[in-house]
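See below for the structure under consideration.
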Amino acid sequence: MVAAMSVARKTILHVVGARPNYMKIAPLMDALRDVEAIRQVLVNTGQHYDEAMAKAFIRELSLPMPDRDLEVGSASHAVQTANVMVRFEEACLQEKPDLVVVVGDVNSTMAATIVAAKLLIPVAHVEAGLRSFDRTMPEEINRVVTDRLADILLTPSPDGDENLLREGVPAERIHLVGNIMIDTLFRHLPHATLDRVADRVNVKDGCYAVLTLHRPSNVDVRETFEGILSAISSIAADMPVVFPVHPRTQARVKEFGLTDLMKGVQVTPPLGYIDFLSLTSHAKIVLTDSGGLQEESTALGIPCLTLRENTERPITVTQGTNTIVGTNGAKILAGYRSAVRGEVPKRRPELWDGRTAGRIRAVLERFLFG
Ligand code: UD1
């Protein structure tokens, strides 16, 4: 704990922008709230802007209202990244932070990191070191660039440390702190009851599947998307499938004329954090191409089939409930059959214990105040 009177006050500028960021920043801002020597500023880039994708999360996770909203919105990768950079530079010049905190691997994460690094402002990256080794994935580029430039690399699992060391990052910059998303998950799990979503879905506890899909590689290519949805409609004939649909995915369903394949599926708009946790925590199985959901299902002990060819979160496979099944329909169905029959391993990676924010706070206090 840092005494307020003994040191000059320091400013931390936290960056959020897209849906998976909010649950990673919330516990950290909360953990730093009572440190009088730290002024916290929240910058929302506005990469996501729909009520259901952004603002609902800010409210529900008890984040403070952002001090600055950059309102960049959707665009190509180059334009979106450039817009964050231009507007974030302005925010940094005005707020003069002593440290910028970025989370995850979205375009806003990388854009803010490049800006801060060029202004010689130290950057802490929460969720550092994850690698899919697949550069066709935009997030992999964001991860590599962010970690190359960040000064404090806060990793969720030992594979992150190994990747960074292999890339030549000095060991003293790397801190294994655990998975901060699981702090948020544990905090809200007691409120995650199925009756919260009973007005939108019709399911029985432990007897349904939850599906999410939004990766461009899965939904922007018609054949791939159609193959996945065909497998899903076979699963839906066996067990109810609930599918909260991301705006990108919704647009592709219409564009490719795939509504027929969704007929047996319970479709909802994107859900808020606690409503979605209510659904996943009571499900029999999760099918997804999301990174965060691979981790959340591992923490919940619920089988997860990952509809991708690789993962940047291998610990969810080696020490969790995740199986990488790819996007081939026959493989998805085979994975489904064996997962619903099989035993679920009851284990959780070390340091996914709900106390990651406290460990990050300790690292940041040491960095700022010595
Ligand atoms: C982004 C992240 C991805 C993350 C995902 C979570 C990058 C490269 N990708 O992907 O890592 O897993 O967020 O959702 O940063 N749209 C809306 N309303 C919104 C936001 C998006 O309608 O509030 C639509 C727009 O048509 C937009 C499309 O969704 O063009 C894609 O949004 P974008 O932010 O580019 O990427 P995501 O696919 O959401």
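In each ligand, atom 1 is the first atom listed, and ligand 1 is the first ligand listed. Heavy-atom basis, side chains included; hydrogens, waters and symmetry copies ignored.
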Determine the interplanar angle of the His214 and His246 rings, folded into 0 to 90°, and report it as parallel if under 30°, tilted if 30 to 60°, perpendicular if over 60°. parallel
Among side-chain atoms of Asn310 and Arg308, is any donor-acceptor pair under 3.5 angstrom? yes
Sorted by chain and number, sequence neighbours left out, side chain to side chain donor-acceptor pair (under 3.5 Å) with Arg248 holds for Asp220
Honestly, for Arg248 the part within reach of ligand 1 (heavy atoms, under 4.0 Å) is both
Those residues at least two apart in sequence (or on a different chain) that pass salt bridge (Lys or Arg N to Asp or Glu O under 4.0 Å) with Arg348 are none
**Item:** Step-by-step side-chain hydrogen bond (donor to acceptor under 3.5 Å, both in side chains) determination, Gln266 to Asn202
**Value:** CA-CA 8 Å; Gln266 298 188 36; Asn202 178 18; 5.9 Å; no
Contact region, His48 to ligand 1, non-hydrogen atoms below 4.0 Å, reads both
Closest non-hydrogen contact found for Ala31 with Asp34 is O-OD1, 3.7 Å
If we number the atoms of ligand 1 from 1 as shown, the ones under 4.0 Å from a heavy atom of His214 are 4 (C), 5 (C), 6 (C), 12 (O)
May I ask whether atom 26 (O) of ligand 1 is less than 4.0 Å from at least one protein heavy atom? no
*State if Ala251 counts as touching ligand 1 under the rule of any non-hydrogen atom under 4.0 Å.*
no
Quick note on ligand 1: atoms under 4.0 Å from a heavy atom of His77 include exactly 8 (C)
At under 4.0 Å between heavy atoms, what of Ala54 touches ligand 1? The answer is neither
